[in-house]
Amino acid sequence: MKLFKKALVASAIVGAFSAHAVNVSSDKIQLSKEGAALGLSAELGTVATNDLVLDFVVEADTPASSIITLTFDESVDMANLGTLDSVSVTQDVTNGTGTVDLAANGTIEFDYGTGSFTFDDVTLDQNESNQYYISFEVNLGNPLVANSAFRVTVSGQDANTGIEIGGAAEVCYNSVYNNNAIEQGCATISEEVSQLAFEITKEWDGVIERVDQIVFVDDFDNSDNTNDTLMFTIMNDQTITGAYDFEGAGSADLVFEANWGEADVAEFTETYTGSSGLTLDNTNGLLTLAGTNANTGSTAAEGDIVFLSDANTMIPVTGSIDATLTFTGTPVVGDDIDFVLEDYAGMWTLDATVLNVPYIPVNNATVQTAIHFVNESSATTGNIRATAVSLDTNERFASVDLGDIGENTMKKVSHAALATAFGITDATKLSVTFNIDGDAEDINAFVYSQNDKGRTTVAHSQHKVDGK
């Protein structure tokens with residue numbers, strides 16, 4: 001009977017061991033995504049001066065003589081620290097710490113806080129999967145009771161003997177007593193973040209005079225303008241660990257893409273090419289494109305691009321313009337640079353009746369929405385173009401032609417027609433802007449949604465641009 005009771009107790013202990021998970025935390029080391037992609041592992045994440053600090057809070061009682069193992073993934077290289085095999089820990093009872101001296105290579109330090117436990121017999125090596133691990137034993141005497149906390153700090157001696165982290169990495173904790181698992185848990189110790197950022201600070205937003213379509217009109221004084229200016233900023237944070245120095249390295253292409261309509265605007269598909277490479281302003285972390293904006297006849301050295309029109313160039317009516325910045329070239333190490341950054345660059349519209357319907361569900365089984373356009377002019381046929389933004393995903397859909405609305409005529413555009421025009425097959429909620437080639441006082445619209453509860457009028461806006 002006594003033997004049977006002991007077996008029940010032992011089974012209960014093993015079951016309890018497997019149910020617990022240790023809390024592992026670390027201040028994440030931020031590493032340059034670009035540096036990691038270019039293979040800068042020798043310079044990346046060396047934590048000789050930025051110690052690798054790991055905090056643990058155990059959830060289960062961990063008896064004396066239990067073995068704790070910290071296993072690092074393949075991105076962590078501890079070769080510079082050497083190896084240890086069951087090395088004793090020098091205890092500092094007054095300060096509640098213990099230290100393993102790695103000779104000229106650094107230290108491993110334990111901080112027990114106010115706990116009465118200590119660790120000993122430290123091993124530093126690689127397992128069969130070539131992962132580095134640090135294991136240690138809970139010293140004979142006091143156990144590591146549930147909710148106890150401790151810290152492990154691994155320090156390199158200098159920049160040549162630190163830990164090297166070649167990208168996103170994690171550490172996993174595992175504790176065992178008499179070959180029975182106690183608890184385990186993992187935590188991220190490093191993450192990759194981009195040192196580059198690309199932002200359009202002023203979008204192209206010109207309104208095109210709709211008769212000749214070769215100049216932009218000014219909202220304020222109705223004057224004609226031959227240009228529209230876009231401004232951009234390229235940020236480069238080289239304070240991130242393992243950042244790549246882009247100064248003088250390769251070049252960058254800034255390409256603008258849009259639905260250019262039927263105008264002959266092939267020259268604008270590659271609006272800017274920075275063929276002279278990059279210059280780096282280390283004062284404020286900015287990259288500057290050097291070169292000329294030949295296709296539009298102006299320079300972009302200060303981060304601005306001016307679209308210039310002339311008497312022979314019809315300005316394309318676009319639903320949206322997307323900017324793509326691609327870094328190219330060969331750095332000192334690694335493969336060719338191929339980093340792509342994107343941002344929305346604006347749109348151009350005609351000086352016509354601009355009407356926005358902020359909410360139109362399409363492909364919805366229970367809601368049907370329609371827009372009725374009325375052209376009250378007896379002399380002008382108006383063309384209808386539409387652009388849309390998904391309220392679900394923020395995806396922008398390029399401009400589509402919905403046909404004409406004749407003189408003194410009504411034209412209905414259904415939600416199904418919009419879905420077809422934009423190539424949408426899933427249920428989607430849209431904000432749709434209609435651009436109608438007609439004076440604002442001649443164009444009116446009625447928008448409604450209908451479901452099993454009846455018909456509801458949908459609010460929309462009509463914007464008169466040309467002052468007529």
Side-chain angles (χ1 to χ4, degrees), residues 200 202-208 210 219 257-259 261 317-323 342-377 382-406 409-466:
I200 301 293
K202 180 188 179 302
E203 299 172 356
W204 274 326
D205 58 0
V207 179
I208 305 166
R210 72 173 187 271
D219 286 354
E257 295 179 324
N259 179 1
V317 180
T318 67
S320 63
I321 307 172
D322 297 315
E342 297 177 318
D343 200 5
Y344 175 65
M347 68 170 63
W348 292 320
T349 57
L350 288 177
D351 69 329
T353 302
V354 179
L355 183 149
N356 173 255
V357 183
Y359 182 80
I360 298 179
V362 297
N363 297 328
N364 188 298
T366 60
V367 179
Q368 291 79 43
T369 302
I371 305 95
H372 292 259
F373 295 98
V374 177
N375 180 7
E376 298 179 354
S377 172
N383 178 253
I384 303 174
R385 298 192 68 89
T387 60
V389 177
S390 169
L391 301 177
D392 301 311
T393 64
N394 205 34
E395 178 183 359
R396 295 177 182 272
F397 297 92
S399 174
V400 295
D401 191 334
L402 299 178
D404 295 338
I405 176 172
T409 302
M410 186 275 289
K411 180 182 179 70
K412 176 182 176 181
V413 177
S414 68
H415 66 100
L418 289 174
T420 300
F422 290 120
I424 301 172
T425 57
D426 297 327
T428 307
K429 296 184 288 291
L430 298 176
S431 173
V432 183
T433 298
F434 299 93
N435 195 299
I436 305 145
D437 184 10
D439 290 341
E441 64 264 29
D442 294 333
I443 305 296
N444 290 291
F446 171 71
V447 187
Y448 70 87
S449 286
Q450 184 168 313
N451 55 26
D452 57 0
K453 299 184 183 301
R455 178 176 293 188
T456 303
T457 300
V458 177
H460 63 273
S461 62
Q462 286 183 284
H463 178 48
K464 182 178 175 183
V465 175
D466 63 354

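None of these values were measured; they are calculated from a predicted model.
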Checklist line | Aromatic ring pairing His372/Tyr448, orientation class (parallel under 30°, perpendicular over 60°, tilted between) | finding: parallel

Next item on the list: Assess whether side-chain hydrogen bond (donor to acceptor under 3.5 Å, both in side chains) is satisfied between Ser399 and Thr387, documenting all intermediate values.
Entry: CA-CA 5 Å; Ser399 174; Thr387 60; over 6 Å; no

Next item on the list: Of all the heavy-atom pairs spanning Ala386 and Leu402, show the shortest one and how long it is.
Entry: CB-CD1, 3.7 Å

Next item on the list: Can you see which heavy atom on Val400 is nearest to which on Ala421, and at what distance?
Entry: CG1-O, 3.5 Å

Checklist line | Which atom of Val389 lies closest to which atom of Arg396, heavy atoms considered | finding: CG2-NH1, 3.9 Å

Notebook entry, point to check: Do you know the tightest heavy-atom contact between Ala370 and Lys412?
Noted result: CB-CE, 3.7 Å

Notebook entry, point to check: Atom OH of Tyr359 and atom CG of Leu430: how far apart are they, to the nearest 0.5 Å?
Noted result: 10.0 Å

Margin query: Before you tell me yes or no, could you show the steps for Tyr344 and Asp322 under side-chain contact (heavy atoms from CB on, under 4.5 Å), namely the whole-Å CA-CA distance, both residues' side-chain angles and the distance that decides it to 0.1 Å?
Written below: CA-CA 5 Å; Tyr344 175 65; Asp322 297 315; 3.9 Å; yes

Next item on the list: Check Asn435 against Val354 and note the closest heavy-atom contact, atom names and distance.
Entry: ND2-CG2, 3.9 Å

Check: How far does NZ of Lys429 sit from OG of Ser390, to the nearest 0.5 angstrom?
Finding: 8.0 Å

Notebook entry, point to check: Distance from Asp442 atom CG to Ile436 atom CD1, nearest 0.5 Å?
Noted result: 11.0 Å

Notebook entry, point to check: Does Asn375 reach the main-chain N or O of Ser377 with its side chain, forming a donor-acceptor pair under 3.5 Å?
Noted result: yes

Note to self: Quick check on side chain to side chain contact (heavy atoms under 4.5 Å, CB included): which of Val458, Thr457, Ile371 does Phe446 satisfy it with?
What the structure shows: Thr457

Check: Nearest 0.5 Å, what's the OG1-CE distance between Thr433 and Met347?
Finding: 6.5 Å

Check: How many angstroms lie between atom CD1 of Ile443 and atom CD of Glu376, to the nearest 0.5 angstrom?
Finding: 8.0 Å

Checklist line | Backbone N/O of Ile384 and side chain of Asp437: donor-acceptor pair under 3.5 Å | finding: no

Note to self: Between Asn363 and Thr425, does the side-chain hydrogen bond (donor to acceptor under 3.5 Å, both in side chains) criterion hold? Intermediate values first, please.
What the structure shows: CA-CA 7 Å; Asn363 297 328; Thr425 57; 5.9 Å; no

Check: Is a donor on one side and an acceptor on the other found under 3.5 Å between the side chain of Asn451 and the backbone of Thr366?
Finding: no

Check: Counting distance only, does the side-chain N/O of Asn383 pair as donor-acceptor with the main-chain N or O of Gly403 below 3.5 Å?
Finding: yes

Item checked: Nearest heavy atoms of Pro361 and Thr369, plus distance in Å -> CD-OG1, 3.6 Å

Notebook entry, point to check: Side chains of Phe397 and Ile424: closer than 4.5 Å at any heavy-atom pair?
Noted result: yes

Check: Taking the side chain from Thr353 and the backbone from Gly438, do they hold a donor-acceptor pair closer than 3.5 Å?
Finding: yes

Item checked: Any donor-acceptor N/O pair, Asp343 side chain to Ala323 backbone, under 3.5 Å -> no

